[in-house]
2 protein chains.
Amino acid sequence: MAKSRSAPTLDDVAKMAGVSTATVSRCLNSPDRVVKATRERVQSAVDALGYTPNFAARVMAAKRSFTIGAIIPTMENAIFARGLQAFQEELHQRGYTLLVSSSAYKPEIEEEQIRTLIARGADGLLLIGHDRDPEIYDFLDQRNIPALVAWSYLPDSKLPSVGFDNRAAMFDLASHIIGLGHTRIGVISARVDGNDRARLRVQGIREAVADRGLQANNLTVIETSYEIENGAKAFSDLMNAATPPTAILCGNDVLAVGALRQAQKMGLDVPSDVSITGFDDIELARIVSPALTTVHVPHREMGHKAALQLIEMVENQTAGTGEQLATRIVNRPSLGKPASG
Amino acid sequence: MAKSRSAPTLDDVAKMAGVSTATVSRCLNSPDRVVKATRERVQSAVDALGYTPNFAARVMAAKRSFTIGAIIPTMENAIFARGLQAFQEELHQRGYTLLVSSSAYKPEIEEEQIRTLIARGADGLLLIGHDRDPEIYDFLDQRNIPALVAWSYLPDSKLPSVGFDNRAAMFDLASHIIGLGHTRIGVISARVDGNDRARLRVQGIREAVADRGLQANNLTVIETSYEIENGAKAFSDLMNAATPPTAILCGNDVLAVGALRQAQKMGLDVPSDVSITGFDDIELARIVSPALTTVHVPHREMGHKAALQLIEMVENQTAGTGEQLATRIVNRPSLGKPASG
DNA sequence: ATTTTTAATGTAAGCGCTTACAAATGACGT
DNA sequence: ACGTCATTTGTAAGCGCTTACATTAAAAAT
């Protein structure tokens with residue numbers, strides 16, 4: 001096994017360059033405060049030694065970590081992966097590193113992760129959605145840690161948010177579908193408990209139903225967890241009812257794809273026997289056949305803007321204004337008019 | 001804006017509990033070295049103050065960070081996202097935190113990320129694939145940082161690896177396809193430069209072709225980058241040749257899905273006009289129609305085992321033995337016998 | 001040429017924790 | 001009773017960096 005030579009320190013560099021540690025530190029952090037000749041001498045010592053600053057020491061002394069923490073429900077979901085990728089790219093661009101944890105959709109894990117990330121000196125936090133124990137907000141407040149919510153925009157929330165209006169997006173889609181003549185609506189939603197995004201989407205549908213004068217009993221909502229198979233199961237439950245829906249709105253594309261496959265398995269044609277719609281517009285939505293009508297969410301833009309906003313909050317001690325992003329309905333063949341009248 | 005009360009320190013706890021900082025530290029790190037009464041007194045002070053240890057200080061003093069760094073090409077690819085998720089879960093289980101960076105498939109970015117993660121005190125590193133500048137291996141060696149490679153198993157590599165034999169897996173698939181009677185083979189590969197996984201997959205195909213006595217000119221290989229559209233483009237290039245292939249092997253499922261869609265667009269039936277296969281067995285492979293014949297890779301198992309192995313290397317200063325995981329061919333309708341003779 | 005102002009560098013005090021070592025306490029054997 | 005040994009706790013020295021402040025050198029102003 002290789003002998004481990006421990007990493008060179010600031011002191012080593014200082015000695016080699018014949019200057020004080022303060023000067024070396026300045027060369028690294030504010031080069032303009034050091035005269036060119038010195039800077040070059042220091043630089044060559046750094047190169048010769050292969051010096052890399054020790055992060056922990058730097059954080060401790062500077063009380064800044066250039067680290068941003070993000071806690072997402074899961075990386076396995078393309079929507080988070082994509083937004084997070086854009087978020088990380090922008091962070092990296094601006095000299096920050098990303099610390100990621102996933103909470104597996106469990107509030108208590110999320111809370112623990114928040115504490116961990118803060119203890120690790122995260123300068124700011126990215127959180128998904130608004131629903132969480134108020135205690136957490138107090139904690140963030142008390143510690144004065146900038147935090148931003150993504151994937152859900154709410155104008156008057158505790159934390160500023162960069163995202164879209166889940167309720168309005170689903171309201172529009174549902175209105176459009178009802179406008180097509182559908183009168184019996186099925187909904188396959190993700191679990192709404194502790195998930196404002198899912199809850200608001202369902203609420204948008206309910207409001208559209210009321211708005212269009214449909215009876216509430218024409219609406220059936222099933223809640224299930226995030227897996228293709230659950231979408232399939234929910235679909236067959238919905239279609240086996242006495243008077244099955246003519247359109248099924250799914251809370252996300254993955255559930256919709258599950259429904260779609262189940263339709264095929266049951267010999268039902270989409271959209272002539274039943275229409276199916278998704279939400280998110282992930283790649284999958286374009287690729288299945290029939291392709292899914294869905295709501296397009298600008299995931300990359302969201303990640304990107306969230307990064308900019310959070311960095312702004314961290315660097316200038318500002319409160320963060322949040323930003324609402326537009327979504328749009330993407331019409332594809334999985335949605336049609338209901339059969340007959 | 002809330003007054004920022006700065007975080008309570010070990011000292012605060014010690015004072016409140018009427019003990020020394022050493023005792024508080026011991027309560028937290030090796031509780032059995034402290035008598036029960038004291039431990040309880042300290043614990044209540046911790047609770048009352050809402051104390052969380054400062055990570056940077058701890059790292060600096062203990063020279064251990066309980067952080068593992070991972071550098072993956074991109075989070076947007078389901079295969080990495082899934083493996084990484086499993087990796088993170090196992091890490092979390094064992095009290096480690098994951099620091100993630102993505103290199104966007106660029107070696108120079110990867111190198112920079114490696115240095116950054118090490119400077120941040122990562123106790124160990126997870127890297128994807130074996131191809132990289134030897135200098136990096138020297139650096140890792142010199143600093144004595146345990147590192148493990150995943151997604152590619154090689155018995156005699158610089159670093160231990162947990163993964164599968166890309167060459168053999170593709171050799172088997174190609175042999176199977178040739179055994180079905182295909183004689184003109186097209187390959188749509190990811191860029192092989194700096195990517196041993198892609199390179200070895202192509203090599204596996206070449207070896208199978210030679211092994212089965214096919215002329216090398218019956219094999220056409222196109223290299224392209226990772227996007228559905230590129231798979232489509234490569235497919236049409238391949239099929240517009242004078243004597244188009246009867247089977248097209250793709251280096252991954254995403255490229256294969258692109259090829260599949262292009263086939264539909266060109267009015268070609270799969271598999272009767274042309275067979276298409278993928279690699280990875282991501283969800284997409286099951287969902288497209290016809291479903292893709294592909295090579296199943298145990299991504300979650302890989303992430304899980306990589307975590308265990310890396311932790312073992314970190315905690316016991318061992319070299320790491322690596323582990324080869326099995327892949328298997330998943331037969332689905334996108335592969336058939338060639339038309340006519 | 002001398003004083004004032006400004007720029008460049010050095011000195012040294014922490015940042016919050018861990019841990020080697022020392023000290024104190026108590027249990028035990030003789 | 002005393003000394004021995006084990007257990008529990010305290011003391012204090014760093015870990016590698018940043019930065020307020022002191023010092024020195026150089027430039028500008030007189």
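Just so it is clear: chains get the letters A, B, ... in the order the sequence lines come, proteins before strands, and each one is counted from 1. The figures that follow rest on heavy atoms only: side chains count, while hydrogens, waters and symmetry mates do not.
Side-chain contact annotation: B/Tyr226 with B/Asn77, donor-acceptor N/O pair under 3.5 Å present.
When heavy atoms are screened at a 4.0 angstrom cut-off, B/Phe55 is found touching no nucleic acid atom at all. Within 4.0 Å of A/Val59, counting heavy atoms only, lies no atom of the nucleic acid at all.
Across all their heavy atoms, A/Leu84 and A/Ala70 have their closest contact at CD1-CB, 4.0 Å.
With respect to the salt-bridge test (charged N to carboxylate O, under 4.0 angstrom), the residues A/Lys305 and A/Glu90 do not qualify. Ion pairing between A/Lys36 and A/Glu40 holds under the 4.0 Å rule for side-chain N and carboxylate O.
Computed from coordinates, the A/Lys15 NZ to C/dG10 P distance equals 14 Å when rounded to whole Å. Rounded to whole Å, atom P of D/dA26 lies 18 Å from atom NZ of A/Lys36. Here C/dT19 presents its P atom at 12 Å from CG of B/Leu10, a figure rounded to the nearest Å. Taking atom CZ of A/Arg41 as the reference point, atom P of C/dA8 lies 14 Å away to the nearest angstrom. A/Met60 places its CE atom 15 Å from the P atom of D/dG14, with the value rounded to the nearest Å. Between the CZ atom of B/Arg39 and the P atom of D/dT7 there is a distance of 15 Å, given to the nearest Å. When rounded to the nearest whole Å, the span between CZ of B/Arg64 and P of C/dT19 equals 10 Å.
Neither OP1 nor OP2 of D/dG16 sits under 4.0 Å from any side-chain N or O of A/Thr9. Residue A/Lys63 places at least one side-chain N or O closer than 4.0 Å to OP1 or OP2 of C/dG16. Within the 4.0 Å cut-off from OP1 or OP2 of D/dT9, at least one side-chain nitrogen or oxygen of B/Thr38 is found.
Of the possible donor and acceptor atoms, one in the side chain of A/Gln309 sits under 3.5 Å from a partner among the backbone N and O of A/Thr321. When atom types are taken as modelled, the side chain of B/Asp123 and the backbone of B/Phe66 share a donor-acceptor pair closer than 3.5 angstrom.
For A/Pro53, the listed nucleotide lying nearest its side chain is D/dC17; candidates were C/dT18, D/dC17, D/dG16.
Counting heavy atoms from C-beta outward, B/Ile68 and B/Leu310 have side chains that approach closer than 4.5 Å.
Of the residues in residues 22-34 of chain B, those placing a heavy atom less than 4.0 Å from an atom of DNA chain D are B/Ala22, B/Thr23, B/Arg26, B/Val34, in numerical order.
The residue among B/Ala62 and A/Arg58 whose nearest nucleotide of DNA chain D lies closer to the 5′ end is B/Ala62.
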